[in-house]
Colleague: 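This is the structure I want to talk about, given as structure tokens.
These numbers were taken from a predicted model, which means no experiment stands behind them. Below, all heavy atoms of this structure are taken into account, side chains as well, without hydrogens, waters or symmetry copies.
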Amino acid sequence: MIPACCAFCLVAPQGMRVSRTRYIFCTGGVVSSVGKGLTVASIGRILKARGLKVALQKLDPYLNVDPGTMSPYQHGEVFVTADGAETDLDLGHYERFVDENVSRISSVTAGQVHLEVLEKERKGDFLGGTIQVVPHITNEIKRRIVLAGTKTDADVVIVEVGGTVGDIEGESFLEAIRQMRIGLRRKDALYMHVTFLPYIGATGELKTKPTQHSVRMLRSMGIQPQIIIARSDYPVTKDIVEKIALFCDVEPEAVIPLTTAQTIYDVPLMLENSGIADYIIDWLKLDVPQPPDLSAWQAMVNQMQAAQETIRIALVGKYVALRDAYMSVKEALVHAATARNQKIEIEWILADELEKNRHLDTLATVDGIIVPGGFGHRGIEGKIVAARYARQHRVPYLGLCLGMQVMCIEFARHVLHFEDANSAEFNEATSYPIINLMLDQREVTDMGGTMRLGEYPCRLVPGTLAAGLYGKSEIRERHRHRFEFNNAYRIPFQDRGIRFSGLSPDELLVEIAEISDHPYMIGSQFHPEFLSRPGNPHPLFLGLIDAAIGFRDARMVVAQPTNNHH
Ligand code: GLN
């Protein structure tokens with residue numbers, strides 16, 4: 001990448017031209033949770049399908065530095081980037097839809113921005129000055145937006161502002177994206193507003209008034225959107241489109257109705273058909289290298305829709321009331337099931353309930369079990385019940401991070417008879433701390449961003465299930481944990497049939513454990529779900545689906561009376 005001499009300059013110091021970056025700023029109106037992140041990710045996909053280099057970025061107005069310290073019930077899943085940032089779950093959609101790794105710069109929070117400005121103030125960088133939202137906070141936001149483009153050499157940076165217009169905490173972000181236009185060439189920035197049209201059942205009509213109000217609010221802050229995406233659960237008529245265009249001062253062809261899709265993977269195809277990409281390209285005067293090619297995406301969606309059989313997987317977790325807490329796990333299951341022409345049905349099991357009344361009857365009906373990541377003591381005993389059930393009944397099991405630790409605790413208690421075996425996270429006084437705090441975590445006192453985070457290499461042991469699934473000997477996977485398998489117990493575990501099939505290159509860290517005498521019982525200390533992509537499922541999830549198909553089909557054979565009379 002050629003460095004530009006200043007943030008907005010198109011000419012590098014040596015006089016060489018750098019590619020001109022265009023910006024699409026996406027705001028939300030009326031209500032949140034209408035799929036703004038998916039819309040942004042889908043637009044990224046359809047622009048990439050034309051050969052453009054796209055970078056995506058999310059601006060989150062909350063004051064936490066990152067969502068890593070929030071409960072999943074507040075925030076949903078924490079998505080971990082390869083470079084170890086704990087980010088919003090929308091970044092997972094960005095990676096899955098655009099099929100590019102995002103990085104730390106793709107996630108900007110008000111907390112990060114304020115922290116940076118205040119640290120500079122303490123160092124004396126602004127000596128003599130009064131530190132203010134405009135220009136200090138807005139400049140820092142703009143610096144990060146520009147960096148998202150220069151770091152990736154993107155043709156287009158799509159910037160999503162979290163929350164909805166009118167939120168007090170979002171104002172500095174809106175002001176920053178307004179200011180971005182100054183210093184850019186005319187038409188190098190495009191503003192897009194995603195709103196919602198409520199449906200009034202009594203009269204059977206969709207209402208545009210909230211959209212009009214939110215656009216009015218946006219305009220009062222100096223931002224006139226060029227595109228309005230009108231989300232709705234019902235079909236949007238031409239009248240409604242024209243009304244929005246008239247009241248919001250947007251061209252009718254730039255009012256894009258987007259009705260709720262059957263699956264999230266339909267959204268790029270719907271947006272492609274809407275003509276929005278051509279409007280964007282025309283507005284931003286982009287040179288497009290090739291006509292859109294969404295054929296692989298279309299084939300994947302077709303395959304998803306054509307699947308006739310269903311695989312049922314139990315997901316035993318602590319936050320199952322909020323499915324967004326397991327977003328990447330859910331999607332990784334969809335990708336793997338689709339690749340095997342299966343539909344996926346997730347049986348959400350609250351681990352605490354399994355602990356209390358032992359819902360084993362539900363486990364008895366599923367084709368596979370996943371114990372995902374998690375923190376804290378609640379629900380642990382229920383997860384151990386699930387792991388025990390999977391081991392004893394030979395149900396395919398995939399443990400993700402905590403799920404691997406749980407699998408080892410269960411094995412220690414019931415196979416090795418280490419009665420009170422546990423993780424030191426849940427019982428510091430256990431006589432068998434088979435999962436222990438990592439050495440380099442012992443001095444850590446701050447809670448934010450201090451776990452073992454991001455991508456690390458892992459060597460696979462030849463001849464193991466893991467090595468067979470991946471088909472290679474070295475992998476890189478993403479992590480988010482403080483605890484690890486306690487190496488003092490490797491030998492007794494190995495003696496009774498656990499294989500440590502993935503190790504850190506120095507062999508000091510167990511990254512994958514599997515039970516040899518079981519069709520598919522495997523756990524990873526990392527989070528494979530972050531690497532799964534539509535059309536390119538993750539080997540551990542594919543392995544689970546394959547084993548689950550085998551388990552389901554074998555059970556059907558047993559359940560069906562043989563009417564082979566001839
Ligand atoms: N709580 C466990 C640890 O910190 C597992 C973390 C996780 O599942 N992401 O090691």
Side-chain angles (χ1 to χ4, degrees), residues 24-47 49 97 158 160-161 163-167 170 174 177-178 187 189-284 292 294 298 301 305:
I24 300 175
F25 297 106
C26 180
T27 52
V30 184
V31 283
S32 60
S33 306
V34 294
K36 181 155 46 82
L38 280 167
T39 307
V40 162
S42 301
I43 289 174
R45 182 74 200 196
I46 61 179
L47 293 180
F97 276 56
I158 312 180
E160 176 189 354
V161 183
T164 42
V165 170
D167 298 344
L174 294 179
I177 64 166
R178 181 194 70 78
K187 294 206 162 183
L190 180 151
Y191 296 86
M192 184 171 91
H193 193 53
V194 180
T195 73
F196 182 69
L197 306 179
Y199 178 78
I200 308 296
T203 52
E205 51 176 354
L206 288 171
K207 291 301 206 183
T208 66
K209 189 74 82 192
T211 296
Q212 295 175 39
H213 279 299
S214 87
V215 171
R216 189 173 298 167
M217 208 178 307
L218 199 56
R219 288 158 97 184
S220 75
M221 305 187 77
I223 297 172
Q224 166 65 51
Q226 282 78 47
I227 294 178
I228 291 182
I229 309 258
R231 282 278 299 108
S232 165
D233 292 331
Y234 296 88
V236 181
T237 60
K238 202 161 164 270
D239 292 2
I240 299 270
V241 166
E242 281 169 1
K243 198 167 172 185
I244 296 172
L246 182 68
F247 280 98
C248 302
D249 206 1
V250 171
E251 292 180 83
E253 68 263 38
V255 176
I256 311 289
L258 187 62
T259 41
T260 303
Q262 225 180 353
T263 80
I264 59 173
Y265 299 100
D266 289 319
V267 179
L269 302 172
M270 291 162 79
L271 285 175
E272 179 59 44
N273 291 337
S274 76
I276 188 179
D278 298 330
Y279 192 89
I280 292 173
I281 285 158
D282 191 41
W283 177 273
L284 294 174
L294 284 161
Q298 179 74 65
V301 170
Q305 280 161 358

Colleague: From T211 OG1 over to L197 CG, what is the distance, rounded to the nearest 0.5 angstrom?
Modeller: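 If we round to the nearest 0.5 Å, T211:OG1 and L197:CG are 5.0 Å apart.
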Colleague: Considering non-hydrogen atoms only, spot the tightest contact between P252 and V241 and give its length.
Modeller: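 Closest approach of P252 to V241, heavy atoms only: O-CG1, 3.7 Å.
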Colleague: Mind listing the closest non-hydrogen atom pair of A277 and E272 along with its distance?
Modeller: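 What the structure gives for the nearest pair is CB-OE1, 4.5 Å.
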Colleague: Are any non-hydrogen side-chain atoms of L271 and S274 less than 4.5 angstrom apart?
Modeller: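 Yes - at least one pair of side-chain heavy atoms lies under 4.5 Å apart.
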Colleague: Taking atom NZ of K207 and atom CD of Q212, what is their separation to the nearest 0.5 Å?
Modeller: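 These two atoms lie 10.0 Å from each other.
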Colleague: Going through the checks in order, is the side-chain contact (heavy atoms from CB on, under 4.5 Å) test met by R219 and D249?
Modeller: CA-CA 10 Å; R219 288 158 97 184; D249 206 1; 3.5 Å; yes
Colleague: With a 4.5 Å cut-off on side-chain heavy atoms, are F196 and D233 touching?
Modeller: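 Result yes, sub-4.5 Å side-chain heavy-atom pair found.
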Colleague: Once rounded to the nearest 0.5 Å, what's the spacing between atom CD1 of I229 and atom CG of L258?
Modeller: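 Going from the CD1 atom of I229 to the CG atom of L258 covers 6.5 Å.
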Colleague: If you measure only the distance, is there a donor-acceptor pair under 3.5 Å linking the side chains of R231 and T195?
Modeller: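 Absent: no donor and acceptor within the cut-off.
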Colleague: Is it true that, when you exclude K209 itself, more than 12 heavy atoms of the residues, nucleotides or ligands shown sit nearer than 6.0 Å to its NZ?
Modeller: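 Check fails, neighbour count at 12 or below.
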Colleague: R45: what forms a side-chain hydrogen bond (donor to acceptor under 3.5 Å, both in side chains) with it, not counting sequence neighbours?
Modeller: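 With sequence neighbours excluded, R45 shows a side-chain hydrogen bond (donor to acceptor under 3.5 Å, both in side chains) to no residue whatsoever.
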Colleague: Please give me the minimum heavy-atom distance between A230 and I244, naming the atom from each residue.
Modeller: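 Shortest heavy-atom separation between A230 and I244 comes out as CB-CD1, 4.1 Å.
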Colleague: Do the non-hydrogen side-chain atoms of M192 and I43 ever get within less than 4.5 Å of each other?
Modeller: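 Sidechains of I43 and M192: in contact.
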Colleague: What's the separation between atom OG1 in T263 and atom CG in L269, rounded to the nearest 0.5 Å?
Modeller: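 So the gap between those two atoms works out to 8.5 Å.
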Colleague: Can you tell if the side chain of Q224 reaches within under 4.5 Å of the side chain of V250, non-hydrogen atoms only?
Modeller: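 The answer is yes, as the side chains (C-beta and beyond) meet within the 4.5 Å cut-off.
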Colleague: Does the side chain of P225 come within less than 4.5 Å of V215's, by heavy atoms?
Modeller: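 V215 vs P225: side chains touch.
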Colleague: I need the minimum non-hydrogen distance between I46 and P268, along with the two atoms involved.
Modeller: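 That would be CG2-O, 3.4 Å.
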Colleague: Please examine the side chains of M270 and T259, heavy atoms only from C-beta on, and report whether any two atoms are closer than 4.5 Å.
Modeller: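 Yes; the side chains approach each other to less than 4.5 Å.
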Colleague: With the side chain counted from C-beta on, respond yes when T260 and S232 share a heavy-atom pair under 4.5 Å apart, and no when they do not.
Modeller: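 No, every pair of side-chain atoms sits at 4.5 Å or beyond.
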Colleague: Tell me, do F97 and V40 make a side-chain contact under 4.5 Å, heavy atoms counted?
Modeller: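 They are not in contact (no side-chain heavy atoms under 4.5 Å apart), so the answer is no.
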Colleague: How far apart are the C-alpha atoms of V30 and T164, what are their side-chain angles, what is the distance that settles it, and do they pass the side-chain contact (heavy atoms from CB on, under 4.5 Å) test?
Modeller: CA-CA 7 Å; V30 184; T164 42; over 6 Å; no
Colleague: In Å, rounded to the nearest 0.5 Å, how long is the span from CD1 of I223 to CG of L174?
Modeller: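 Here the interatomic distance stands at 5.0 Å.
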Colleague: Can you name the closest pair of heavy atoms from K36 and C26 and give their distance?
Modeller: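 Of all heavy-atom pairs spanning K36 and C26, the closest is CG-SG, 3.8 Å.
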Colleague: Measuring from E251:CD to I228:CD1, what's the distance to the nearest 0.5 Å?
Modeller: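 Here the rounded value is 12.0 Å.
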Colleague: Return the minimal non-hydrogen interatomic distance between V165 and S214, and the atom names on each side.
Modeller: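 Heavy-atom minimum between the residues: CG1-O, 4.1 Å.
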Colleague: Listing request: all side chain to side chain donor-acceptor pair (under 3.5 Å) pairs with a residue in residues 24-33, at least two apart in sequence or in separate chains.
Modeller: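 Only T27-H193 qualify under side chain to side chain donor-acceptor pair (under 3.5 Å).
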Colleague: Begin from the C-alpha positions of Q226 and Y279 and carry the test side chain to side chain donor-acceptor pair (under 3.5 Å) through to its verdict.
Modeller: CA-CA 10 Å; Q226 282 78 47; Y279 192 89; over 6 Å; no
Colleague: Between the side chain of W283 and the main-chain N/O of A189, is any donor-acceptor distance below 3.5 Å?
Modeller: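 Here the side-chain-to-backbone pair exists.
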